[in-house]
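Working notes for the structure below.
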Amino acid sequence: QVQLVESGGGLVQAGGSLRLSCAASGRTFSSYAMGWFRQGPGKEREFVAAISRGGISPSYADSVRGRFTISRDNGKNTVYLQMNSLKPEDTAAYYCAARYGLSGSDLSTAYGYWGQGTQVTVSS
């Protein structure tokens with residue numbers, strides 16, 4: 001079992017920044033690739049970013065590439081999502097997810113563990 005708890009969401013103006021954190025407990029964090037997904041109002045859950053268990057080979061959705069950065073600190077059992085140049089269309093609940101194995105995935109079905117989500121609201 002892996003328990004995931006997100007934090008860092010909030011209300012920010014367009015153009016601003018937020019950093020989300022996801023703290024993991026339970027099994028060995030470094031055995032899991034991690035991902036961030038989001039679900040906006042009336043929308044399906046969509047992939048945002050993923051990172052391998054070793055912290056290399058990050059991948060991003062086209063909509064956030066160049067603005068968001070995923071990283072992890074295996075010593076702190078935490079994965080981060082730095083979000084810059086935020087846009088109103090980034091408004092969503094953001095979820096972190098864990099996938100046992102080397103590489104992340106852009107498929108939500110590849111992840112076995114999910115956090116409860118943290119809300120990000122970007123005002124225009």
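All residue numbers in this chain count up from 1 along the given sequence.
What you find for A14 and P88 is that their closest heavy atoms are CB-CD, 4.1 Å. Between A50 and G104, the shortest heavy-atom contact is CB-CA, 4.0 Å.
Residues R99 and Y113 have side chains not in contact (no heavy-atom distance under 4.5 Å, counting atoms from C-beta outward). The shortest side-chain heavy-atom distance between W36 and L20 falls under the 4.5 Å cut-off. Two residues are said to be in side-chain contact when any heavy atoms from C-beta on lie closer than 4.5 Å; F29 and S31 fail this criterion. Counting heavy atoms from C-beta outward, M34 and L4 have side chains that approach closer than 4.5 Å. Using a 4.5 Å cut-off on side-chain heavy atoms (C-beta onward), I70 and V79 make contact. Residues V5 and Q116 have side chains in contact (heavy-atom distance under 4.5 Å, counting atoms from C-beta outward).
Among residues two or more places apart in sequence or in another chain, the side chain to side chain contact (heavy atoms under 4.5 Å, CB included) test is passed with E44 by none.
Annotation: salt bridge (charged side-chain N to carboxylate O under 4.0 Å, His left out) contacts involving residues 54-64, sequence neighbours excluded, comprise D62-R65. Residue pairs meeting the side-chain hydrogen bond (donor to acceptor under 3.5 Å, both in side chains) criterion with at least one member in residues 80-91, sequence neighbours excluded: S17-N84, R38-D90, R67-D90, Q82-N84. Among residues at least two apart or in separate chains, disulfide (SG to SG under 2.5 Å) pairs with a member in residues 16-108 are C22-C96. For residues 92-112, the pairs satisfying ring-ring contact (aromatic ring centres under 6.0 Å, His included) are Y32-Y100, F37-Y111, with sequence neighbours left out.
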Can L107 and F47 be said to form a side chain to side chain contact (heavy atoms under 4.5 Å, CB included), step by step? CA-CA 7 Å; L107 299 176; F47 169 74; over 6 Å; no

Would F68 and L81 satisfy side chain to side chain contact (heavy atoms under 4.5 Å, CB included), going step by step from the backbone distance to the final call? CA-CA 7 Å; F68 290 12; L81 185 67; 4.2 Å; yes

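Remark: I51 CD1 to S57 OG distance equals 8.5 Å, nearest 0.5 Å. S30 OG to N77 CG: the interatomic distance, rounded to the nearest 0.5 Å, is 8.0 Å.
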Report, one line per pair, each donor and acceptor closer than 3.5 Å where one atom sits in a side chain of residues 117-124; sequence neighbours left out.
from, atom 1, to, atom 2, distance (Å)
T118, OG1, G9, N, 3.2
Q119, NE2, A92, O, 3.4

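Judged purely by atom type and a 3.5 angstrom limit, D106 has no side-chain atom pairing as donor or acceptor with the backbone of G35.
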